[in-house]
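For reference, the structure discussed in these notes is given below.
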Amino acid sequence: MTPTLFPAHFEGDPVRIARDLLGGTLVRVLDTGERLSGRIVEVEAYDCPRDPACTAGRFHAARSAEMAIAAGHWLFWTAHGHPLLQVSCRPAGVAASVLIRALEPQEGLGQMLSFRPVTRERDLTNGPAKLVYALGLNPAQVSGTPVNSPALHLLPPDTPLTDEAVRVTARVGIKEGRHLPWRFTVRGNPWVSPALPSMDLVGQG
DNA sequence: ACTTCGATGCTCT
DNA sequence: GAGCATCGAAGTA
């Protein structure tokens with residue numbers, strides 16, 4: 001039985017934490033007790049203030065304040081009207097996090113399809129907002145709760161992924177900071193998001 | 001109050 | 001590969 005990850009596991013460098021989280025499992029337990037889960041096959045790290053892609057760091061308003069919650073809590077970044085699920089990774093006051101970008105569905109596929117009907121099953125959870133919808137997450141309800149909450153928690157990989165199994169690329173959809181190899185995907189996994197860029201910055205493709 | 005801009009997704013070609 | 005829907009937040013006034 002894999003132990004649940006606690007908030008203390010998420011204090012530190014979001015780049016390392018993102019890499020370690022890849023291959024783990026995101027578990028959602030509905031009010032009905034039904035269990036939805038998926039293997040984490042794509043993550044990105046954001047680390048204000050050293051990160052030029054971390055726009056939250058350049059603002060001083062409610063948005064970055066929400067994001068600057070203490071390590072080990074769920075939070076949502078909103079982009080283009082869509083909620084993106086993240087885990088905070090730094091002490092309170094610093095906006096840094098791991099963004100969960102794609103899942104390979106494991107338990108509760110039918111319920112997920114009910115939350116988010118798609119024509120191709122492949123499209124169910126292969127994007128950061130897609131997985132939020134598929135798991136039926138309510139950002140207002142989940143934001144600010146610890147990562148070991150019964151309703152939404154994380155399990156580490158059964159066995160750590162080898163470097164060969166991990167593909168390292170630039171992050172998706174950002175303007176600055178494209179040189180940073182802070183996106184981690186499970187090599188060859190069909191549930192990785194179709195988003196560009198796909199060019200490897202480290203290792204070979 | 002109005003404009004601009006995304007850490008996106010969808011629907012076409 | 002391109003165009004558009006979308007919405008919260010920032011910047012401007």
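Letters A, B, ... mirror the listed sequences (proteins, then strands); counts begin at 1. Treat the numbers as computed from the prediction; the structure is a model and nothing was measured.
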Rounded to whole Å, please give me the gap between CZ in A:Arg122 and P in B:dG9.
16 Å
5′-ward residue of the pair A:Lys175/A:Asp123 relative to DNA chain B:
A:Lys175
Value in whole Å for how far the P atom of B:dA7 lies from CD of A:Glu42:
15 Å
It should be established whether A:Lys130 places a side-chain nitrogen or oxygen under 4.0 Å from OP1 or OP2 of nucleotide B:dT8.
no
Find out whether the Lys NZ or Arg CZ of A:Arg171 is both under 6.0 angstrom from the six-membered ring centre of A:Phe184 and within 45° of the ring's axis.
no
If only side-chain N and O atoms of A:Arg101 are considered, is one of them under 4.0 Å from the OP1 or OP2 phosphate oxygen of B:dT8?
yes
Hunt down the Watson-Crick or G-U wobble partner of C:dT6, both distances under 3.5 Å, from any strand shown, or write none.
none
The side chain of A:Leu84 lies closest to which of these nucleotides: B:dG9, B:dG6, B:dA7?
B:dA7
Face-to-face stacking of A:His82 with B:dT8, centres under 5.5 angstrom, angle under 30°:
no
A:Arg116, nearest nucleotide to its side chain (from B:dA7, C:dG8, B:dG9):
B:dG9
Using heavy-atom distances to pick each residue's nearest nucleotide on DNA chain B, tell me which of A:Gly81 and A:Leu131 is more 5'.
A:Gly81
Which residue, A:Leu103, A:Leu99, A:Val98, forms the side chain to side chain contact (heavy atoms under 4.5 Å, CB included) with A:Arg101?
A:Leu99
A:Arg116/A:Asp123 ion pair, N-O < 4.0 Å:
no
What's the CG-P distance between A:Asn126 and B:dT8, to the nearest Å?
13 Å
Over how many whole Å does the gap from A:His80 atom NE2 to B:dC10 atom P extend?
14 Å
Return the pairing partner of B:dA7 with a 3.5 Å limit on both distances, Watson-Crick or G-U wobble; otherwise return none.
none
Contact class for A:Ile174 vs. all strands (heavy atom < 4.0 Å): base, sugar-phosphate, or nothing?
sugar-phosphate
Given atom CZ of A:Arg171 and atom P of B:dT8, what is their separation to the nearest angstrom?
12 Å
Once you round it to whole Å, what is the distance between C1' of B:dA7 and CG of A:Leu99?
6 Å
Test A:Pro105 against every option in A:Leu131, A:Asn126, A:Thr125 by the side chain to side chain contact (heavy atoms under 4.5 Å, CB included) rule and name the one that passes.
A:Thr125
Mind checking whether A:Val43 and A:Leu180 sit in one hydrophobic cluster, side chains of I, L, V, M, F, W, Y counted as touching below 4.5 Å?
yes
Nearest-Å distance, CD (A:Glu44) to P (B:dG6)?
16 Å
Nearest to the A:Cys54 side chain among C:dT6, B:dC10, B:dA7, which nucleotide is it?
B:dA7
Separation of C:dT6 atom P from A:Trp77 atom CH2, nearest Å, is 22 Å
Please tell me if A:Arg120 has a side-chain N or O lying less than 4.0 Å from either OP1 or OP2 of B:dC10.
no
